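Comments concern the structure below.
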Amino acid sequence: MSSNSFGKLFTVTTFGESHGPAIGCVIDGCPPGLAIDADEFRRDLDRRATGKSRHTSQRREADEVEILSGVYEGRTTGTPIALLVRNTDQRSKDYGDIASTFRPGHADYTYWQKYGIRDPRGGGRSSARETTMRVAAAVIAKKWLAERHGVRVRGYLAQLGDIAHEGFDWDAVEGNPFFWPDAAQVPALEKAMDALRKSGDSVGARVTVVADGVPPGWGEPIYGKLDGDLAGALMSINAVKGVEIGDGFAAVEQRGSQHRDEMCLDGFTSNHAGGILGGISTGQAVVASIALKPTSSILIPGRSVNLAGEPVEVVTKGRHDPCVGIRATPIAEAMVALVLMDHALRHRAQCGDVGDVAPRIP
Ligand code: EPS
């Protein structure tokens with residue numbers, strides 16, 4: 001299977017299947033000297049993990065990161081960093097029925113059409129389990145970006161089904177299992193999710209990521225635009241069906257006089273562009289949103305065909321997420337951080353000598 005690596009100077013390759021013995025990644029191109037400890041992966045891996053609330057999959061994984069290479073006496077050495085997480089709570093018998101058919105709306109069918117063989121256990125490589133390693137790799141990227149450039153990457157769940165956030169407070173986001181920015185709405189979300197779970201159905205979601213502190217100049221026109229690479233990276237997350245940068249599709253109805261971000265000596269007056277113009281960061285916050293589809297593994301019977309070419313009815317049992325978007329905030333943050341890290345190094349490689357150019361809008 002190809003295309004399991006991305007990035008040009010900071011490259012990440014992931015491997016492993018949901019029900020295999022382990023999942024892992026190799027990070028190549030990390031600058032030497034960054035202090036990193038196995039415990040530092042804990043926070044973000046816990047934020048992403050299953051089983052942290054009744055609203056997500058109840059699979060219980062320890063998600064313990066083993067650093068196999070690239071770190072010596074607590075510092076990166078500049079050589080490839082290999083990280084491993086062993087799978088400990090596979091329940092492959094749940095997938096016995098699915099092995100001979102295809103879940104409607106799932107990659108089961110396209111993997112089969114492409115490879116002529118698939119690992120049905122836990123969705124194999126198409127499982128959200130794979131995103132563990134993106135989040136792990138991004139712990140390193142987030143740390144380097146913060147230390148070297150003061151960049152902070154954080155996200156929130158902006159919409160769950162037809163419930164959109166009303167108020168907004170970054171301090172609320174980490175205080176509930178949804179990454180929701182309005183604490184007053186959390187009881188309504190709990191209620192909606194309890195009813196949804198009971199119904200056996202699933203729902204979509206919207207996640208927004210904001211990266212503060214990105215300096216102007218990151219991104220490479222024409223084919224390495226920062227927004228282009230962000231879109232590709234975010235779209236590579238399982239279940240993502242749409243990506244917006246800044247105002248995104250709302251720009252369709254806007255006028256130029258409204259959409260443009262006017263510049264004053266003390267700053268930009270707005271950020272409709274999402275911090276990117278011409279594929280290059282402006283120095284404003286980089287803002288990206290993703291649309292995640294409703295999980296296809298649901299208890300509502302759906303029509304499909306089996307391997308013998310017969311019509312069948314599919315019901316997916318097991319420990320699935322009724323809204324995969326609830327766990328997607330750290331994953332989306334991770335992809336944004338990995339792209340920014342790669343572009344920071346790419347900018348330094350080509351334009352590191354350019355330095356600050358006046359005038360710079362603060
Ligand atoms: C997933 C199905 C479930 C989730 C899994 C993603 O797997 P299983 O059926 O083996 O319980 O638990 O998520 C994770 C294990 C994880 O770490 O994210 C799927 O179909 O994508």
Side-chain angles (χ1 to χ4, degrees), residues 14-25 41-65 83-99 101-112 118-139 177-179 193 197 200-205 207 236-241 290 292-300 302 304 314-335:
T14 68
F15 63 88
E17 288 84 28
S18 180
H19 287 204
I23 49 177
C25 70
F41 297 95
R42 175 58 39 222
R43 178 177 175 268
D44 270 357
L45 289 187
D46 278 354
R47 290 169 76 227
R48 190 216 67 90
T50 50
K52 297 293 172 193
S53 80
R54 66 181 187 277
H55 308 298
T56 63
S57 164
Q58 292 304 300
R59 181 165 158 180
R60 307 276 166 169
E61 287 290 346
D63 285 350
E64 216 52 74
V65 173
L83 305 177
L84 193 79
V85 170
R86 292 179 199 277
N87 292 322
T88 56
D89 186 26
Q90 306 95 319
R91 213 166 66 188
S92 299
K93 66 174 168 31
D94 287 349
Y95 289 82
D97 295 347
I98 291 165
T101 185
F102 310 99
R103 285 167 279 186
H106 196 276
D108 288 339
Y109 178 68
T110 47
Y111 270 58
W112 178 252
R118 73 184 161 113
D119 177 355
R121 304 163 309 156
R125 187 78 183 139
S126 69
S127 170
R129 182 98 190 105
E130 183 271 342
T131 62
T132 313
M133 300 321 301
R134 305 171 187 230
V135 172
V139 167
F178 303 98
F179 301 97
M193 285 305 301
R197 203 169 51 250
D201 216 339
S202 62
V203 76
V207 170
S236 78
I237 300 170
N238 308 327
V240 170
K241 300 304 278 184
I290 55 175
L292 295 117
K293 71 178 183 181
T295 321
S296 53
S297 302
I298 55 177
L299 289 167
I300 313 283
S304 184
V314 176
V315 173
T316 312
K317 299 180 208 114
R319 303 168 292 180
H320 298 283
D321 294 276
C323 176
V324 78
I326 292 176
R327 293 196 290 126
T329 293
I331 305 168
E333 288 173 5
M335 296 316 291

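Since the structure is predicted, the reported quantities are computational estimates derived from the model, not experimental observations. Numbering of ligands and ligand atoms starts at 1, following listing order. Throughout, residue positions are numbered sequentially from 1 according to the sequence presented.
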For ligand 1, what N or O to protein N or O distances fall under 3.5 Å?
from     : atom 1 : to     : atom 2 : distance (Å)
ligand 1 : 9 (O)  : Tyr95  : OH     : 2.4
ligand 1 : 10 (O) : His19  : NE2    : 2.6
ligand 1 : 10 (O) : Arg59  : NH1    : 2.7
ligand 1 : 11 (O) : Arg319 : NE     : 3.4
ligand 1 : 12 (O) : Ser57  : OG     : 2.7
ligand 1 : 13 (O) : Arg327 : NH2    : 3.3
ligand 1 : 17 (O) : Arg48  : NH2    : 2.6
ligand 1 : 17 (O) : Arg129 : NH1    : 2.8
ligand 1 : 18 (O) : Arg48  : NH1    : 2.8
ligand 1 : 18 (O) : Arg48  : NH2    : 3.1
ligand 1 : 18 (O) : Arg327 : NH1    : 2.8
ligand 1 : 18 (O) : Arg327 : NH2    : 3.2
ligand 1 : 21 (O) : Ala128 : N      : 2.9

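- For the residue pair Ser304/Arg103, the side-chain donor-acceptor check at 3.5 Å is not satisfied.
- Between the side chains of Arg134 and Ser236, at least one donor N or O sits under 3.5 Å from an acceptor N or O.
- With Arg319 as the partner, the side-chain hydrogen bond (donor to acceptor under 3.5 Å, both in side chains) test is satisfied by one option alone out of Asp89, Thr56, Thr50: Asp89.
- Under 3.5 Å, the side chains of Thr110 and Arg118 contain no donor-acceptor pair of N or O atoms.
- Nearest heavy-atom pair, Ile298 versus Thr295, reported as atom, atom and distance to 0.1 Å: CG2-O, 3.4 Å.
- A search for side chain to side chain donor-acceptor pair (under 3.5 Å) contacts involving Arg86 returns Glu66, not counting sequence neighbours.
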